[in-house]
Amino acid sequence: MDVELIINGEEKTASIPPETTLLKLLREEFYLTGAKTGCDVGDCGACTVLVDGEAVNSCLMLAGQLQGRSVETIEGLANLEDFHPLQKNFEDLGSLQCGFCGPGMILSAKQLLEENPEPTKQEIQDAIAGNLCRCTGYTKIVEAVADAAKEMREEP
Amino acid sequence: MVDKVKVKERESTLEELREVNDDLRLPSVPEKVSFPIDVVTPEARTQTPAVGQRASRPDGRMHGLGQTKYIDDMSFPGMIYAKIKRAGVAKARIKKIDLSEAEKMPGVMATLIGSEIPVNSFGPSYQDQPIIADKLIYHAGDPVAAVAATTEQLAADALEKIKIEYEQLEPIFDPIEAMKESAPEVHPGQGNIYSSKIIQKGDVDKGFKDSYRTYENTFSTQMVEHVPMEPHASIAEWDANGRVIIHSSLGRITLGRADIARTLDMPINRIRVVATVVGGNFGGKNEITTEPILALLSRKTGRPVKGIYTREDEFMSSTTRHPFIMDYKTGVSEEGKIISRKVRLVCDGGAYCSWSETTLGKACILSAGPYNIENLYVEAYAVYTNKTMTGAMRGFGAPQVCFAYESHMDDIARDLDIDPLQIRRINAFHEGSASPTGQVLQSVVVKDSLDVAADRFGWEEWQK
Amino acid sequence: MRPFEFIKPDSEASAIELLGKLSPNVRILAGGTDYLVDLKHTADVPKTVMDISRLPELKGIDEVDDGLRIGAGVTHTEIMQNPLIKKYAPAMIHAAHTIGAVQTRNLGTIGGNLVTCVPSMDSGPTLVALDAEVNIVGKDGTRRISLTDLFVGPRKTSLKSNELLTEIIIPKRSLGKPANFYKFGLRKGQALALVNAASSLWIKGGCFKDLRISIGAVAPVVIRCLKAEKYLEGKKIDEKLVKEAGNIAVTEAKPIDDFRASQSYRNDLIAVLVTRTINAAIDLADKD
């Protein structure tokens, strides 16, 4: 079946078997390997991408459900001039160790900051509850999200 | 790496075939990924001196951009996928393996069973673990066969077509039961206790007699899986010169290389292990898992073979933290000074030794705690059971015994009505203390650390 | 996943028609947070999977003549952000918030949560405590049943293979009814409930009126604690009585013993959670 969708702002089409998940579509058709396969059952959040601005587990969506919708992956965050503030702060604060959870974590945080520019620690924790991290621990990640929020408020 | 299988040939009219789709002439290149061209080094990485400053990692930027390539993010032309069939029974004898149905499936390119592996055993201390079980099943997560197919799904489907006949044998799961003479042996003819250690210092029995009171308790800890975010993953590529390149998530590649060479019965210089960023290790990726299987499947098919553990594989078959059963007996003076301590550790090693020997040694030495004890007796056993094997995991036995001796100290303090901090200060190592194995310790700051921590934590306040 | 066909009807009517034609060889995909996991692990893949997650008729939360209508395709996130839910049934926001994590709530639908019918569903107790009803549409028309009649057993509902659950109705009498929901899981996020509970009540003349108590994860389906309700109904508000109602609720449940928690621990939780939800509902109620 054919699917037309927007990935990181560009219109794309793919011809795939119906049982293809969004995660497989991104990784294997478009070589966007930033979204990772961690558990493949929607628990770990390593495959998180934004669909129409909302964080979802891409392993739990069929590609066919994306017809006409817009997907944003980690690869679409930075541009030739600058990193996304989240990426910058995650790097500066050493919030990513093995980094496997990073893309998903950053995208979950991105949805949060778009809806809530001034989140409390509690709200940040709630927003990333679906993204498991095993190395860094969540402290530095929560700090990085808070710092990125501050930076984005100061220079919108 | 287009993971597609043509299910049905489409019928096309001549007109359709003549029609030219210009899109097809566009080169197939990966999606563009943007990142700033002018690279700025973060302040944290340029600062000097670094001590006392926030640390950042050079690879953090790549992680945040989604640019880090883990094994599963790599692909090679013509690459195929391997899946492993697991036993699903804890102990059995393999009577028959029938691969014929699986081999007939479209897309299946090769299968592999244990008897095809040149040297079908490995392990860091004892080579007691088969790469693929060929005669006996030692635990439910044992691999029994492997399949390589053009897609992951086809490989997984093929696994279900493999028919295996087992003769069920009586398994043993409880390590204490497994230590008994009458217990069924996990590895026939080897006995279930595969490692034991004793530390003896002073005279414990006399110590107990001299004690004001003695305390006894049993502590146990559970099996813990590392759950790295990235499952175990490798890609093997056998070349025409009889060399094999293995891209692997292994954390200890030189050790892994030696094991791969041994199991494949090849000179080590014919094996090249390429390490990449590991998506979480914690000790769980210290040993080879499927690398020799992938190498042999690659040799059979002449293609690169990728093998990624599913989360189920990860829980069933990768190593875990050792569960311990710990008996403590401690005699103390009225003031809370430890006079004598006797410890018995039983380490449930699961089906294979892996790093149990190392773990047991470290647990043994640390089991008395950071305390001066004149009379000490520690005995420790590592025991086989028909469970998922245990191996290296952060701490190597230290967290288990720490839980036991510190809980024990709290029990004693409570009973003697001594401040828990005080009982530790009374007994803690000092400069020049000897460890249970006689090592004279230097730069000992246990008491200072305790005091500073208690102060910062607000211990006095908290006590009220 | 094994091969299947994927169809995406563009209206409720065409979905019902297709369902009638294709059943029983078709399965419905809404949010997919549960069903896709099943699909990945089963050899028994249906011939066709029908996506209803974006059907406009299944969306929306509106005030209708007989109460509040919640489309079956409304996601948990949409429930959490909806002003009408906030006004009339805020306990549902609390319940929705305990489901999975952000990603699950952005995909998962309330209809899907009910139809999947796992005993630990977090949408169930609040809706049962609010006497919710559901509209079920088949090729022979629409029928409305009480939510408790939908639940048959673990992962089993009274829905026929050619029917679609389209709407959840909270009746007018329950709108604004003081209610609360509590869930106890082993973690705050991404955890199944060991026990969840909801209570709703009015207070009239200092006495309990129309008390509803519902608990989940402790019986084959989400249940109402009729004995505990009866025990308190009409009685003067008293902390001791509420506590006793918690103990009575324990006798109405049949929790399982498993690796997550023992039966006796779950029983203790039932008593505590039922007591807490009733007390929380009392706090929300007008006292005269």
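Proteins get letters first, then strands, A, B, ... in listed order; numbering begins at 1 in each. All values below come from the heavy atoms of this structure, side chains included, with hydrogens, waters and symmetry mates left out.
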*Between C:Met1 and A:Thr20, is a side chain to side chain contact (heavy atoms under 4.5 Å, CB included) present by the stated rule, with each step listed?*
CA-CA 8 Å; C:Met1 273 180 279; A:Thr20 311; over 6 Å; no
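- To the nearest 0.5 Å, atom CD of residue C:Glu78 and atom CD of residue A:Glu54 are 7.0 Å apart.
- The structure places CD of C:Gln190 at 5.0 Å from CG of A:Asp43, a figure rounded to the nearest 0.5 Å.
- Of the possible polar contacts, none joining the C:Lys188 side chain to the A:Ala129 backbone as a donor-acceptor pair under 3.5 Å is found.
- Counting heavy-atom neighbours within 6.0 Å of C:Arg276 CZ, excluding the residue itself, gives a total of 12 or less.
- The CZ atom of C:Phe6 sits 11.5 Å away from atom CD of A:Glu19, with the distance rounded to the nearest 0.5 Å.
- Checking A:Ser108 against C:Gln103 by side-chain atom types alone, a donor-acceptor pair falls below 3.5 Å.
- Contact record, A:Gln67 with C:Lys8: CB-NZ, 3.5 Å, taken as the closest heavy-atom pair.
- Using a 4.5 Å heavy-atom cutoff, the side chains of C:His97 and A:Asp126 are in contact.
- Between chain A and the residues C:Arg2, C:Arg105, C:Glu5, the largest count of heavy-atom pairs under 4.5 Å involves C:Arg2.
- Under the 3.5 Å distance criterion, the side-chain polar atoms of C:Lys40 are left unmatched by any main-chain donor or acceptor of A:Val41.
- Between A:Met61 and C:Ser53, every side-chain heavy-atom pair lies at or beyond the 4.5 Å cut-off.
- The residue among C:Leu29, C:Thr104, C:Val49 with the most heavy atom pairs within less than 4.5 Å of chain A is C:Leu29.
- For C:Leu107 against A:Asn57, the heavy-atom pair with the smallest separation is CD1-O, 4.1 Å.
- Chain C forms the most heavy-atom pairs under 4.5 Å with one residue out of A:Ile128, A:Leu62, A:Thr48, A:Leu132, and that residue is A:Leu62.
- For C:Asp51, the part lying under 4.5 angstrom from a heavy atom of chain A is the side chain only.
- The CG atom of A:Leu60 sits 11.0 Å away from the CG atom of C:Leu39 when rounded to the nearest 0.5 Å.
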